[in-house]
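Here is the structure we will look at, set down as C-alpha cells.
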Amino acid sequence: MKFTQTLTAVATAGAMALLMSTAASAVTLNMMNGSEPGSIDPHQASGDWENRIIGDYIEGLMTEDANAEAIPGQAESYTISDDGLVYTFKLRDGIQWSDGEPVTAEDFVFAFQRLFDPKTASDYAYLQFPIKNGSEISDGTITDFNELGVKALDDRTVEITLEGPTPFFLQALTHYTAYPVPKHVIEKVGNNWTQVENIVSNGPYTPTEWVPGSYIKSVKSETYWDAENVQIDEVNYFVQDDLAAALSRYRAGEYDILVDIPADQAEWIKTNLPGQDYFAPFLGIYYYVINQEKEPFNNPDVRKALSMAINRDVIGPGVLGTGELPAYGWVPEGTANYEGVEPYQPEWIGLSYEERVAEAKSIMEGLGYTSSSPLSLQLKYNTNDNHQRVAVAIASMWEQIGVKTELFNSETAVHYDALRAGDFEVGRAGWLLDYSDPSNTLDLLRTGIRQEGTMNWGNNYGRYSNEEFDSLMDQASTEQDLAARAKLLGQAEKIAMDETAAFPIYWYIAQNVVSPKVTGFVNNASDIHRTRWLSKSE
Amino acid sequence: MAGITGKDAVLTEYANRLETLDAPKGRSLTQDAVRRLVRNKAAVLSVFVVGFIILFAFVGPYLLPWTYDKIDWNNIRQGPDFEAGHFAGTDQNGRDMLARIMQGTQMSLIVAGVATLVSVFIGVIYGAVAGYFGGKVDAVMMRFVDIMYALPYILFVIILVVIFGRNPVLLFVGIGCLEWLTMARIVRGQTLSIKEREFVEAAKAGGAKPWTIIMRHIVPNLTGPVVIYATLTVPEIILTESFLSYLGLGVQEPQTSLGTLISFGSPVAETLPWMLIGPAVVLVTLLLCLTYIGDGLRDALDPKDR
Amino acid sequence: MVGYVTRRVLSAIPIALIAVTACFFILRLAPGGPFDGERALPPTTLANLRAHYNLDLPLIQQYFIYVGRLLQGDFGPSMVYNDFTVAQMLWIGLPFTLMLGFSAFIIGTIVGLVAGALSAVNQNKWPDYVLVFLVMIGLVVPNFLMAAIMQLVFGVYLDWFPAGGWQNGSLAHLVLPITVLVLPHAGRTARLMRGSMIEVLGTNYVRTAKSKGLGQRLILARHAIKPALLPVVSYLGPGLSYLLTGSLVVEQVFALPGIGKYFISAALNRDYGLVLGTTILYMFIILAVNLLVDVIYAWLDPKVRYS
C-alpha cells in the first residue's frame with residue numbers, strides 16, 4: 001500500500017513538472033501522427049504522416065484551405081494562359097524564411113530543379129511530370145536544368161510551363177513535391193538542411209525538436225505571412241504505430257487528434273466518445289488485382305464471376321465494422337474534374353446477392369469449375385488485421401461458386417515485390433489519390449511501357465491491357481475542354497470495369513478522432529487538415 | 001545394412017548387460033521418482049489439466065456444431081450465444097471462437113513441442129561439448145553463440161519462411177534451430193562445474209572416451225536445469241509464434257494458434273472481450289501447468305534430493 | 001585474469017566482422033528491397049535511388065565499400081529514414097534503450113532472485129505455490145497483452161501514470177514500460193533461482209551444515225546462495241540481451257524512443273544500413289555482457305579456469 005502511494009506521489013510530481021515545463025499560456029496541439037517520418041524533406045517524403053508535418057512548415061505557391069481545396073499560398077495571385085500551358089504566379093510581399101531571408105522566385109526554381117535532379121532520387125517526383133521537361137530531366141535524357149519549365153521572371157514572379165494542359169495542376173501544386181526549399185541553407189549544409197539545427201520554414205510552423213521514434217515538435221513561426229491568424233502555438237507530432245495504444249492514450253488525454261483508429265473500435269468510439277468521431281469518405285479505393293497473364297484469369301467471364309460473388313455490402317459494415325461503402329467502379333465519387341459522369345455500375349447491379357451468386361455459379365460451371373472440381377487460386381495480401389478479414393470473408397464467398405482459395409499473407413516489402421513481379425494470382429492493393437482527378441486512378445489500368453526490352457507495368461499489377469482504353473486515356477490527356485475530357489475518361493472507366501480489369505471492393509474512409517477542445521477540423525475528401533486552420537481551448 | 005544392424009545388436013547387448021549391473025540402484029531410483037512425483041499434488045493436478053487441454057484441443061472440435069473456418073454470416077462479432085451454437089462467441093469474420101480456440105491450442109501444442117525438442121537436443125549437446133572440451137573449442141563455440149545472438153533473429157525467420165514456405169511444423173523446426181542458444185549457454189556453464197567433479201575425473205582416469213563421458217556422466221547430471229529451462233522454452237516458443245504470426249510470418253489463415261488469437265484479442269479487450277478471455281485462459285492455464293509439471297519432474301528426478 | 005579479459009576484448013573485433021559479413025549477405029537473400037513500398041516507383045527513380053545507395057554495384061563490391069567505411073567509423077545512411085544517418089539514429093536511441101534495459105534488468109534480477117530463494121526455502125509449501133503462480137503470470141502473459149492491459153488499467157482507468165510517451169526521462173513515464181519489461185525477466189530469474197537453490201539445499205555440505213546445528217540464515221548466507229547463483233548467472237547474459245533487443249513492443253505501445261524497434265522494423269523494411277548498424281551495436285553490447293558474466297562466473301566458482 002505504501003509502495004503504491006509512493007508511486008502515485010512520484011507520478012503526481014512528474015505530472016506537475018510536466019505542466020510547469022510547458023509554459024503557462026502556450027496552446028499545444030498533441031497529434032497522434034502514425035509512423036516515424038522517413039524524411040521531412042519535401043523531396044524525400046512519401047507518406048501522409050510526413051505530409052502533415054511538412055505542410056505545416058513549408059507552404060507552396062498554392063496551399064490547402066480547411067476543406068483541402070487549393071488556395072493561393074506563397075503566391076498572392078496567378079494567371080493561366082489561354083492554351084492552359086503557362087501559369088504565372090506573383091509571390092506575396094514580404095514573405096520570408098524563418099531565419100529572416102526573403103522567399104524568392106529563385107527558391108521555387110531551385111526546388112523544382114532539385115526535385116527532378118536524378119541525384120535527389122525523389123520518390124514522388126513523377127507527380128510533377130506535367131511540368132515541361134520534368135520527366136526528361138529526371139531520367140537523365142536532359143542534363144541542362146535550365147530547360148525545365150520553371151522560371152523566375154523576377155524575384156517575385158514564377159512562371160511554370162507545362163507539357164500539356166493539365167486541369168488538376170493547381171491542386172498538384174499543393175502537393176509537397178511542389179514546395180519551395182531554402183536555397184541559401186541547402187547550398188551551405190546540403191541534405192542536412194532538415195536537421196533541427198539547420199531547418200528553416202516559410203510556413204506557419206518551424207520544427208524545433210525531433211526525437212526519432214517518439215515525436216517532432218514544431219512551434220509557431222512569427223515570420224509567416226498570416227501568423228496573426230494562426231491559433232495554435234506548438235504542435236507535437238507523435239510517432240505511434242500501435243493503434244490500440246493510441247486510442248488508450250487519447251482517452252488518457254495525451255492526444256488531441258488521432259489520425260487513425262484500431263480495427264473494431266469505430267462503434268465503440270461513436271458510442272463512448274460522441275461527437276469526436278470524424279469518419280468520412282475520402283479519395284481512395286481498396287481493390288484486388290487479378291493476374292491477367294495467367295490462365296484462367298485472362299478470361300473476362302471468370303473475372304466477372306469472381307467479382308459478382310463478392311458481397312461488398314457485408315464487408316464495410318459487417319466484417320470491418322466501420323461502414324465503408326461498397327465500390328463497383330474505379331473513380332471515387334466526389335473526384336474533381338469528373339462532373340457529368342454517372343458513377344459506374346456493372347450491369348448486374350440490379351440483381352440481389354443470391355441472384356448474383358447463382359449467375360456467377362452458372363458461369364463457373366460453364367467453364368467446368370464446380371465445388372467438386374474447384375478452381376484453386378491463391379489470394380495474397382500484406383499482413384494487416386483488416387486485409388486479413390476481408391480476405392477470409394471473400395475466400396468464403398468464392399467457395400460458393402466453386403473456387404478454392406488459399407490465403408497467403410506476407411510483409412509489405414515481400415507482398416509488393418510479388419505483385420510487381422507478377423508472382424500472384426489475386427492480390428490485395430489499395431490506392432489513395434495523390435490529387436483529385438480521375439486520371440490518377442485510371443492510370444493504374446494502362447498498359448505498361450516497353451523499356452529496354454522489358455515491360456514496365458508500373459502500378460498496373462494485374463497487367464490489364466486494352467488498346468481502346470489506352471487510346472481514350474491518350475485522347476483525354478490532350479483534351480482541354482473539361483467536360484469532353486470527363487466524358488472520355490468516363491468511357492475508359494466503363495471499358496475497363498465492364499471487362500472487370502480488377503475487383504474494386506470498397507472506398508476508403510478517413511477515420512480521425514478529434515478532441516472536443518479542438519475546433520476548425522473539417523472532414524474533407526483529401527483528408528488533409530492543416531494545423532493553421534485549427535484552434536484549441538484548454 | 002546388415003553390418004550396421006549386427007553392430008547394433010552387439011551394442012544393445014552390451015548396454016543391457018550394463019543395465020543389469022546397475023539394476024538395483026536404477027530401478028529404485030525410478031520408482032522413487034514416480035513416488036515423489038505422485039506425492040507432489042500440484043504436479044499431479046497439472047498432469048490432469050494438461051491431459052484435459054490436449055483432449056479439448058484434439059477431440060473437442062468433433063463435438064462442436066461449427067468448424068474453425070466456417071463463417072456464420074448472421075453472427076459476426078457476436079458474444080457467446082448458445083442458441084446459435086457459438087458457446088464462446090464469434091470473431092469479426094463470424095467464425096466460432098470455441099472452435100478456433102481448439103484449433104489454435106492444437107497448433108500451439110504441436111509447434112511448441114516440436115521446437116522445444118529440437119532446441120533442447122541441439123542446445124544440450126552443443127553446450128555440453130563446449131563446456132567439456134573447454135579451451136579453444138569452448139571459446140570458438142561460445143563466440144559463435146554470441147554471433148548468433150547478435151544477428152537479427154527476424155532475418156533468419158524471414159529466410160526460413162522463404163525456404164520452408166508455409167508449412168508451420170517445418171517452420172518451427174527451423175525456429176527450434178534458433179532457440180537453442182540460451183540452453184547451450186546454461187548447459188555449458190553447468191558442464192564447466194560438473195567436469196571438475198570427482199566422478200568425471202574418475203571416468204577420465206578410467207580411459208573413457210570424451211563422447212561417452214559427455215553422454216553418460218555429464219548430460220544426466222544436467223537434467224535439473226535442462227528440464228526447468230525447457231519448461232521456460234515452451235512459453236517462449238508459443239509467444240515467439242504469436243509474435244511471428246503478428247508480423248505475418250507464422251501460421252496462415254484460416255488456421256490459427258493461441259498466440260495469434262491473443263494478439264487479435266488484445267486490442268479489442270474492451271469491445272469484444274470474448275475474443276481475448278478464452279484464448280488467454282487456455283494459454284495461461286496450459287503454461288502454468290507445464291511449469292508445475294516441470295518443477296515436479298525436477299524434484300522427482302534429482303538423485304540428491306532427500 | 002587481465003590477459004584473459006584482454007584476449008576476449010580483442011577477439012570481439014574479428015567476431016564483429018564475421019557477424020557483419022554474415023548479416024550483410026543474409027540480408028540480401030531475403031526477397032524484397034528497401035524501396036518496395038505500396039507504390040511502384042518509376043524505373044528511372046528506382047535506378048536513381050539504387051545508384052544513390054550503391055545498390056547497383058556487384059554485391060561483393062558493395063560489401064567492401066561498406067566494410068571500408070565501417071572501419072573508418074562510418075555506419076552509412078539509412079535507406080528509409082533519410083534525415084538521419086544510421087549512426088545518429090543509434091546514438092539518439094541508445095541511451096533510452098540502455099536506461100530501460102538496465103533498469104528492468106537490475107529490478108528484475110533482484111526481484112527474481114529474492115522470489116526464487118524464498119520459494120526454494122519454502123519448497124512445496126503455500127508461499128512457494130503463491131510465488132510460483134505470481135512469477136508465472138509475469139512469464140506467460142504475452143508482453144503485448146501485458147503492455148496493453150497495464151496501459152488501459154493504470155493509464156486510462158486509474159490514471160496513475162501517463163499512458164505513454166516520454167518526457168525528459170521523467171520517472172512517471174517509465175514506470176509502466178519498465179514494469180512490463182521486468183515481469184518476464186524476474187519470472188525467468190526466479191524460476192532458475194528456485195531450481196538451483198533447491199538443488200544446493202539438498203547437497204551434502206548443506207545437510208552437514210544443518211546437522212551441525214547451524215541456523216538456517218547462516219547456512220543460506222554462507223553455503224547456499226553463492227553456488228545457487230551459478231545457473232542464474234549463466235542466464236543473466238542472455239537475459240540482458242533479451243531486454244535490450246526485445247523492447248520493440250514496449251517502445252511501440254508506449255511510444256518511446258529506443259533502438260529495440262529497429263532490430264525488427266529495419267529488417268522488415270529491408271533498411272540494409274540500419275539493420276547492419278543495429279546488429280553491430282548489439283553485437284558489442286552482447287559481447288561485453290557475456291564477458292562480464294563469465295568473469296562473475298569465475299568469481300562464484302573458483303573451479304572454473306580461464307584458458
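Values reported hereafter were calculated over all heavy atoms of this structure, with side chains retained and with hydrogens, waters and symmetry mates removed. Just so it is clear, the structure is predicted and the values come from calculations on it, not from any experiment.
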Answer yes or no: are there more than 12 heavy-atom neighbours, outside [X] itself, under 6.0 Å from its atom [atom1]?
| X | atom1 | value |
| --- | --- | --- |
| B:Lys70 | NZ | no |
| A:Tyr278 | OH | yes |
| A:Lys404 | NZ | no |
| B:Gln78 | CD | yes |

### Query
Does the side chain of A:Val392 come within less than 4.5 Å of B:Asp69's, by heavy atoms?
no
### Message
Less than 4.5 Å apart, side chain to side chain, heavy atoms only: is that true for B:Gln92 and A:Asp264?
### Response
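Yes, side chains in contact.
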## Note on the structure
Shortest non-hydrogen pair, A:Ser396 vs B:Ile71, comes out as CB-CD1, 3.4 Å
### Summary
Minimal heavy-atom distance between A:Gln265 and B:Thr271, with the atoms involved, is OE1-CG2, 3.1 Å
### Task
Give, for atom CZ of B:Phe264 and atom CZ of A:Arg389, the distance between the pair rounded to the nearest 0.5 Å.
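Reported value, rounded in 0.5 Å steps: 7.5 Å.
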At a 4.5 Å cut-off on heavy atoms, which part of [X] comes close to chain B: side chain, backbone, both, or neither?
| X | answer |
| --- | --- |
| A:Ala395 | neither |
| A:Leu243 | neither |
| A:Val314 | side chain |

### Message
I need the contact set between residues 50-66 of chain B and chain A: heavy-atom distance under 4.5 Å, sorted by residue number.
### Response
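Contacts with chain A: none.
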### Query
Which residues satisfy the side-chain hydrogen bond (donor to acceptor under 3.5 Å, both in side chains) test with A:Gln400, sequence neighbours excluded?
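Only A:Tyr353 meet the side-chain hydrogen bond (donor to acceptor under 3.5 Å, both in side chains) criterion with A:Gln400.
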### Query
In terms of heavy-atom pairs under 4.5 Å, which option from A:Pro262, A:Gly318, A:Ala245 contacts chain B the most?
A:Gly318
### Query
Top residue by heavy-atom pair count (under 4.5 Å) with chain B, among A:Ala263, A:Ala391, A:Ala393?
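Maximum pair count with chain B is reached by A:Ala393.
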### Message
Salt bridge or not between B:Arg77 and A:Glu267? Use side-chain N to carboxylate O under 4.0 Å.
### Response
no
